[in-house]
Amino acid sequence: MHWLFGDQLGPHFLTSGEAGPAHESPLLMIEARSVFRRRRFHRAKAHLVLSAMRHRAAELGDRVTYVRADTYRQGLDRATRGRPVNVHHPTSHAALRLVESLPHVTVGPARGFLVPPGDFAAWADGHHGKHLRQEAFYHWVRRGLGLLMDGDGPAGGRWNLDHDNREPPPRDARTLPVARPYRPREDETDEEVRHDLDRWERDGDVSFVGRDGPRLFPATRAEARRALHRFVEHRLATFGPYEDAMLGDDPVMSHSLLSSSLNLGLLNPAECIDEAEKAWREGRAPLNSVEGFVRQIAGWREYVWQLYWYFGDDYRRSNTLRHTDPLPDWWNSLDSDAVRANCLRTVLAQVRDTGWTHHIPRLMVLGSYALQRGWDPAAVTDWFHRSFVDGYDWVMLPNVIGMSQYADGGRMTTKPYTSGGAYMNRMSDLCGPCDYRPGERTGEHACPYTAGYWYFLDRHRDLLAGNHRIAQPVRQLDRLADLDDVRRQEDARGDEPP
């Protein structure tokens with residue numbers, strides 16, 4: 001019997017070889033209620049995961065034994081009675097500890113990623129485990145796998161086209177003039193899932209945050225393929241220039257919305273890259289957009305996966321900045337109505353309503369605010385894991401600990417990713433209708449991001465002064481005549497919503 005976890009749902013998890021299941025061998029899937037008791041997940045996330053698992057079980061028919069149990073151990077005992085079971089390498093340290101603790105379970109290699117972990121470890125060890133920068137990794141992956149290459153060099157002559165992909169949103173545009181993304185239609189399986197979630201909440205068995213419905217992301221392989229096709233054919237061409245921009249009325253912009261499908265295993269990253277590269281070679285999408293998309297998958301997604309395992313489980317306890325403040329209730333409950341700052345209110349509402357925002361709101365609105373306030377990075381990581389439909393431990397641990405919260409002191413990135421309101425004003429339309437002004441540090445209209453930026457640099461100036469990428473603004477602290485006022489103002493703000 002072969003055991004499929006709930007994020008191993010695509011056909012590439014059922015092919016033979018490398019401990020994969022033989023043709024027509026029996027399969028096992030376990031829906032463990034304890035997963036939803038341990039964390040207060042976003043309701044849309046719980047719905048998507050259960051819908052995807054139940055849809056996959058229906059597709060597999062009599063070949064699969066689908067067990068609904070309190071825990072994985074309970075479900076496994078009920079289904080196997082101690083008989084041997086194979087499983088692909090799971091995607092979290094906790095799940096790996098579980099399967100390795102079970103005497104009759106054989107763990108095979110991971111699937112759904114581009115590079116074997118042993119190959120990455122050899123590359124990282126060659127750098128002595130230090131300075132493992134995403135850019136160098138990205139070049140290595142593209143060379144090794146022949147992705148977007150012309151002979152021995154990168155297509156177009158440059159590895160990185162970020163310079164072409166940092167446009168602010170079009171002036172006076174409320175939305176991008178681009179075709180809407182694919183959205184699935186719910187069916188009776190979704191109705192059953194919603195009924196079960198309602199019942200569990202009424203019984204006090206579990207508790208969720210956020211809103212659920214209608215389902216916005218694919219729950220089947222067929223839906224995920226349609227989403228990929230629509231992105232490549234109708235949205236990829238405009239993805240690149242505005243991938244770092246934000247519009248309050250257009251949260252999806254030209255983004256692919258494929259992360260949840262990739263992380264559920266419904267799509268293979270290789271097929272997404274192949275489709276995008278084919279679009280460029282056939283003249284259907286410009287190179288800067290295609291390179292930006294390939295970078296997100298072969299560069300960033302793969303890099304995060306590899307670092308999760310290379311750094312190990314102790315990485316989650318990294319806290320170089322010694323941030324220990326708990327997350328406030330308004331943040332945990334996604335209470336956007338309590339927030340005055342338009343950027344944060346808008347993005348928090350997007351998370352509440354959909355369980356998703358693209359990478360710039362995550363990093364520069366949500367993550368930056370948490371970093372400036374000094375919240376516990378482990379709690380911030382858990383919040384992102386629980387609150388996003390595409391959030392998994394392997395995704396969020398390096399993204400939040402390493403990049404967003406700089407808790408590893410630069411092991412993963414070269415500087416803290418935080419900024420004042422000027423960045424928000426340049427890259428979005430969110431500052432115009434706001435009560436605060438991005439250029440003001442103190443007073444009634446002081447932007448909480450602008451004041452928070454200087455407040456953060458001031459608190460950590462000794463640590464950051466030696467960082468060449470941020471040393472200049474640290475030196476500017478001594479030229480701020482109102483720095484004492486900023487300190488008093490931000491100390492008084494505490495964890496009140498801005």
Side-chain angles (χ1 to χ4, degrees), residues 38-42 209 314-341 343-345 347-348 351-352 357 361-388 391 393 396-413 415-421 424 436 441-442 446-464 467 470 474 477 483-498:
R38 286 195 295 267
R39 286 185 168 95
R40 195 181 181 203
F41 285 104
H42 198 294
V209 296
D314 287 343
Y315 185 69
R316 73 180 65 249
R317 289 186 281 275
S318 302
N319 194 356
T320 296
L321 300 178
R322 298 181 181 178
H323 286 177
T324 57
D325 286 358
L327 276 59
D329 290 342
W330 60 269
W331 183 279
N332 275 322
S333 61
L334 308 180
D335 184 9
S336 63
D337 295 335
V339 179
R340 283 176 58 204
C343 60
L344 182 54
R345 181 176 67 242
V347 171
L348 204 60
V351 179
R352 177 198 65 200
T357 66
R362 297 189 199 201
L363 181 64
M364 302 307 296
V365 179
L366 299 169
S368 179
Y369 191 80
L371 177 63
Q372 291 177 1
R373 305 324 302 176
W375 294 345
D376 179 357
V380 178
T381 301
D382 181 67
W383 181 85
F384 273 97
H385 180 169
R386 295 183 292 107
S387 299
F388 282 81
D393 195 54
M396 293 307 179
L397 191 59
N399 266 308
V400 179
I401 292 291
M403 187 177 194
S404 171
Q405 301 304 294
Y406 199 67
D408 67 357
R411 201 172 170 192
M412 179 176 171
T413 61
K415 69 170 185 176
Y417 279 85
T418 188
S419 70
M424 221 83 67
Y436 301 114
R441 283 189 295 267
T442 60
C447 172
Y449 284 86
T450 300
Y453 175 73
W454 296 109
Y455 183 59
F456 168 77
L457 293 184
D458 182 51
R459 297 198 318 276
H460 298 295
R461 65 164 71 199
D462 291 343
L463 177 67
L464 300 176
N467 185 318
I470 204 167
V474 171
L477 284 166
L483 183 56
D484 285 340
D485 293 333
V486 170
R487 291 169 179 151
R488 284 191 292 269
Q489 172 185 275
E490 297 308 299
D491 282 340
R493 186 194 304 276
D495 289 328
E496 291 299 312

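Values reported hereafter were calculated over all heavy atoms of this structure, with side chains retained and with hydrogens, waters and symmetry mates removed.
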* Take Thr418 and Gln372 through the side-chain hydrogen bond (donor to acceptor under 3.5 Å, both in side chains) test and state the conclusion after the steps. => CA-CA 8 Å; Thr418 188; Gln372 291 177 1; 2.9 Å; yes
* Establish, for the pair Arg459 and Phe456, whether the NZ or CZ atom is under 6.0 angstrom from the six-membered ring centre and no further than 45 degrees off its axis. => no
* For the residue pair Trp375 and Trp331, is the inter-centroid distance of their aromatic rings smaller than 6.0 Å? -> yes
* Asked: Between Ala451 and Gln489, what is the shortest heavy-atom contact and its length?
  -> CB-NE2, 3.5 Å
* Asked: Do Thr320 and Tyr406 come close enough that some side-chain heavy atom pair is under 4.5 Å?
  -> no
* To do: Check the pair Phe384, Asn399 against side chain to side chain contact (heavy atoms under 4.5 Å, CB included), reporting the backbone distance first and the verdict last.
  => CA-CA 10 Å; Phe384 273 97; Asn399 266 308; over 6 Å; no
* Asked: Quick one: side chain to side chain donor-acceptor pair (under 3.5 Å) partners of Arg493, sequence neighbours excluded?
  -> Glu490
* **Contact check, side chains of Tyr417 and Leu371, non-hydrogen atoms, under 4.5 Å** => no
* To do: Determine, stepwise, if the pair Leu334 / His42 fulfils side chain to side chain contact (heavy atoms under 4.5 Å, CB included).
  => CA-CA 10 Å; Leu334 308 180; His42 198 294; 3.9 Å; yes
* To do: Tell me, please, which residues at least two apart from Arg322 pass salt bridge (charged side-chain N to carboxylate O under 4.0 Å, His left out).
  => none
* Taking His460 as the fixed residue, which of Leu321, Val474, Asn467 is the one that meets the side chain to side chain contact (heavy atoms under 4.5 Å, CB included) rule? -> Leu321
* **Shortest non-hydrogen separation from Pro416 to Leu464 and the atoms involved** => CG-CD2, 3.9 Å
* Asked: Is there a side-chain contact between Ile401 and Asn319 (heavy atoms, below 4.5 Å)?
  -> no
* Aromatic ring proximity, centroids under 6.0 angstrom, Tyr369 and Tyr449 -> yes
* Asked: So, are Arg487 and Asp491 salt-bridged, with charged N and O less than 4.0 Å apart?
  -> no
